[in-house]
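See structure below.
Computed from a prediction, not measured in an experiment: that's the story for all the values here. Note: hydrogens, waters and symmetry copies are ignored here, and every other heavy atom, side chains too, is used. As the structure lists them, so they are numbered: ligands from 1, and atoms in each ligand from 1.
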Amino acid sequence: IVGTNEHDQEAIDELIASLPITKGLVRPAHRLYQNFWCPITMLPNVIAFRRHFKAKDKDTVLVSQPKSGTTWLKALAFSVINRSRFNISNTPLLTSNPHEVVPFIEHKLWPDLDGLADPRVFATHIPYPSLPESIKQSDCRIIYICRNPLDTVVSSWHFLVETARSEDQLDWSLEEHFETFCQGQLFFGPFWDHITRYWKESLERPRKVLFLKYEDLKEDIGGQLKKVAEFVGLPFTEEEEEGGVIEEIANLCSLKTLKDLEVNKSGKLLGRIVEKRSFFRKGEVGDWVNHLTPSMVDRLNSIIQEKMRPFGLEF
Ligand code: A3P
């Protein structure tokens with residue numbers, strides 16, 4: 001880790017080893033760090049990022065829990081923010097996966113960020129309280145995307161099963177995965193804390209945090225793209241609207257277009273663990289009906305009711 005000497009590294013290793021760890025089969029194991037469950041593979045980078053990262057006022061930070069629409073948001077936000085540099089015929093999204101164009105802090109270490117052209121766009125799954133202070137205090141903007149937890153748990157199960165298969169590990173059941181999710185011990189969870197905290201922040205500081213829902217993007221991509229453009233200070237001009245720029249971006253970033261691009265059909269990402277194509281599955285709202293039992297649905301709905309509805313969040 002850059003900026004970390006051997007002594008620091010030892011201290012970080014010791015700290016990580018002392019943190020509570022998940023039990024059960026779900027891999028990677030997660031450790032409880034600053035009240036959230038972090039995949040152990042990402043924890044050293046998360047800690048380094050917190051300690052050393054310096055945000056710039058013009059940065060845009062995309063935040064999500066895994067399987068909430070991160071890939072889509074990366075493609076959309078990058079296209080909106082960089083539309084004076086790239087159009088749909090020369091955008092890097094045609095030749096690189098959205099996760100290569102907009103890096104994750106906790107996967108790719110931040111020295112790479114220095115190579116990003118201004119205005120920088122990058123992503124993280126880190127919960128609000130654990131973001132580096134410079135992100136909270138600078139004028140950089142945060143765009144958060146959330147998704148109905150019923151669909152997120154199904155999507156994340158497919159994703160992990162696929163990843164495990166490509167790593168030649170044992171599959172695990174949806175039941176076990178669901179249980180871990182409901183206990184909040186998965187992917188930077190508890191999911192309810194992750195979502196409600198960014199939601200609160202978006203209400204208190206609407207110019208700092210834009211809160212989006214996957215379902216709203218599915219329903220009205222044009223309206224949501226306008227929201228993003230205004231939020232980042234680059235509203236679409238009348239000319240652009242009449243010229244069909246919004247539709248062009250929506251089409252370029254659609255699941256179908258991205259999934260069919262040669263660059264997204266093969267190859268691996270994120271430390272060569274994950275197949276690029278596994279980021280593009282069905283992209284449907286309500287796919288949970290095909291996978292969750294009525295008692296699973298009741299259980300998750302009661303968690304949503306108890307932990308999220310008091311904040312005014314509905315799915
Ligand atoms: P499903 O598994 O329900 O199909 P993330 O990008 O956060 O990893 O989330 C992945 C989910 O978003 C998957 O959902 C995937 O199919 C969907 N997705 C990926 N790219 C998309 C796009 N361009 N438009 C809509 N959904 C997309």
Side-chain angles (χ1 to χ4, degrees), residues 39 42 61-80 88 91 93-94 96-107 121-126 143-166 174 177-178 181 186-189 191 194-195 198 211-222 224-225 228 246-261 263-265 268-271 273-292 300 315:
M42 297 175 204
V61 189
L62 311 179
V63 191
S64 62
Q65 281 200 283
K67 315 331 287 176
S68 302
T70 323
T71 316
W72 196 9
L73 178 61
K74 284 185 176 189
L76 292 169
F78 179 85
S79 301
V80 168
I88 52 152
T91 172
L93 289 165
L94 296 174
S96 304
N97 179 276
H99 295 288
E100 294 167 310
V101 176
V102 179
F104 274 122
I105 305 303
E106 53 268 20
H107 289 282
V121 188
F122 52 89
T124 181
H125 295 311
I126 298 175
I143 306 180
Y144 186 81
I145 186 161
C146 82
R147 188 180 190 187
N148 185 339
L150 294 152
D151 281 332
T152 311
V153 70
V154 169
S155 180
S156 56
W157 179 67
H158 279 106
F159 183 77
L160 288 182
V161 165
E162 177 128 338
T163 308
R165 197 173 292 133
S166 74
L174 175 60
H177 181 75
F178 182 83
F181 186 81
L186 202 65
F187 282 162
F188 305 83
F191 68 84
H194 201 283
I195 297 173
Y198 279 102
F211 189 94
L212 301 174
K213 285 185 176 165
Y214 184 91
E215 294 74 20
D216 293 343
L217 263 63
K218 291 287 290 191
E219 201 176 296
D220 175 20
I221 187 66
Q224 298 296 307
L225 272 172
V228 169
I246 298 179
E247 288 76 14
E248 276 179 2
I249 293 178
N251 290 338
L252 166 76
C253 301
S254 73
L255 181 63
K256 175 150 181 26
T257 306
L258 293 181
K259 197 175 186 172
D260 288 348
L261 287 174
V263 64
N264 292 325
K265 284 189 183 160
K268 291 189 174 190
L269 278 176
L270 310 182
I273 301 172
V274 184
E275 296 281 348
K276 286 184 193 171
R277 60 182 154 68
S278 57
F279 285 97
F280 309 98
R281 200 179 62 95
K282 273 180 153 178
E284 281 172 11
V285 172
D287 184 41
W288 55 266
V289 293
N290 301 313
H291 299 279
L292 302 182
L300 201 39
F315 291 98

*OH/Y144 to CG/L212 distance, rounded to the nearest 0.5 angstrom?*
11.0 Å
*Heavy-atom contacts under 4.0 Å between T71 and ligand 1: side chain, backbone, both, or neither?*
both
*S254: numbered ligand 1 atoms lying under 4.0 Å from its heavy atoms*: 23 (N)
*For S155, counting its heavy atoms only, list the atoms of ligand 1 lying under 4.0 Å from any of them.*
1 (P), 2 (O), 3 (O), 11 (C), 13 (C), 14 (O)
*asked:* Going by the closest heavy atom to atom 22 (C) of ligand 1, which one wins out of W72, F187, W288, F280?
replied: W72
_Using 0.5 Å steps for rounding, measure from the NE2 atom of H99 to the OG1 atom of T70._
6.5 Å
*Is it the side chain, the backbone, both or neither of C253 that has a heavy atom closer than 4.0 Å to ligand 1?*
backbone
*Would you mind listing which atoms of ligand 1 come within a distance below 4.0 Å of any non-hydrogen atom of K282?*
4 (O), 16 (O)
*Please confirm whether F181 and F191 have ring centers closer than 6.0 angstrom.*
yes
*Under the salt bridge (Lys or Arg N to Asp or Glu O under 4.0 Å) criterion, do R281 and D287 qualify, and how do the steps go?*
CA-CA 11 Å; R281 200 179 62 95; D287 184 41; 2.8 Å; yes
_Using a 3.5 Å cut-off on N or O atoms only, is G283 in polar contact with ligand 1?_
yes
_On the six-membered ring of F122, is K74 placed so that its NZ or CZ lies under 6.0 angstrom from the centre and within 45° of the ring axis?_
no
*For residues K268 and V274, determine if any side-chain heavy atom of one lies less than 4.5 Å from a side-chain heavy atom of the other.*
no
*Any chance the rings of H125 and H194 have centres within less than 6.0 Å?*
no
*For ligand 1, indicate whether the residue Y214 contacts it via side chain, backbone, both or neither (heavy-atom separation under 4.0 Å).*
side chain
*Is the count of non-hydrogen atoms from other residues, nucleotides or ligands lying under 6.0 Å from E284 atom CD greater than 12?*
yes
*Which is closest to atom 3 (O) of ligand 1 by heavy-atom distance: R147, K218, K259?*
R147
_atom 21 (C) of ligand 1: nearest protein contact (heavy atom, Å)_ = L255 CD1, 3.5 Å
*What part of S68 sits under 4.0 Å from ligand 1 if we count only heavy atoms: the side chain, the backbone, both or neither?*
backbone
*What atoms of ligand 1 come closer than 4.0 angstrom to any heavy atom of L258?*
23 (N)
*Counting heavy atoms only, name the option from F279, F159, W157 that's nearest to atom 15 (C) of ligand 1.*
F279
*Taking non-hydrogen atoms only, is S64 closer than 4.0 angstrom to ligand 1 via side chain, backbone, both or neither?*
neither
*asked:* For K256, which part has a heavy atom under 4.0 Å from ligand 1: side chain, backbone, both, or neither?
replied: neither
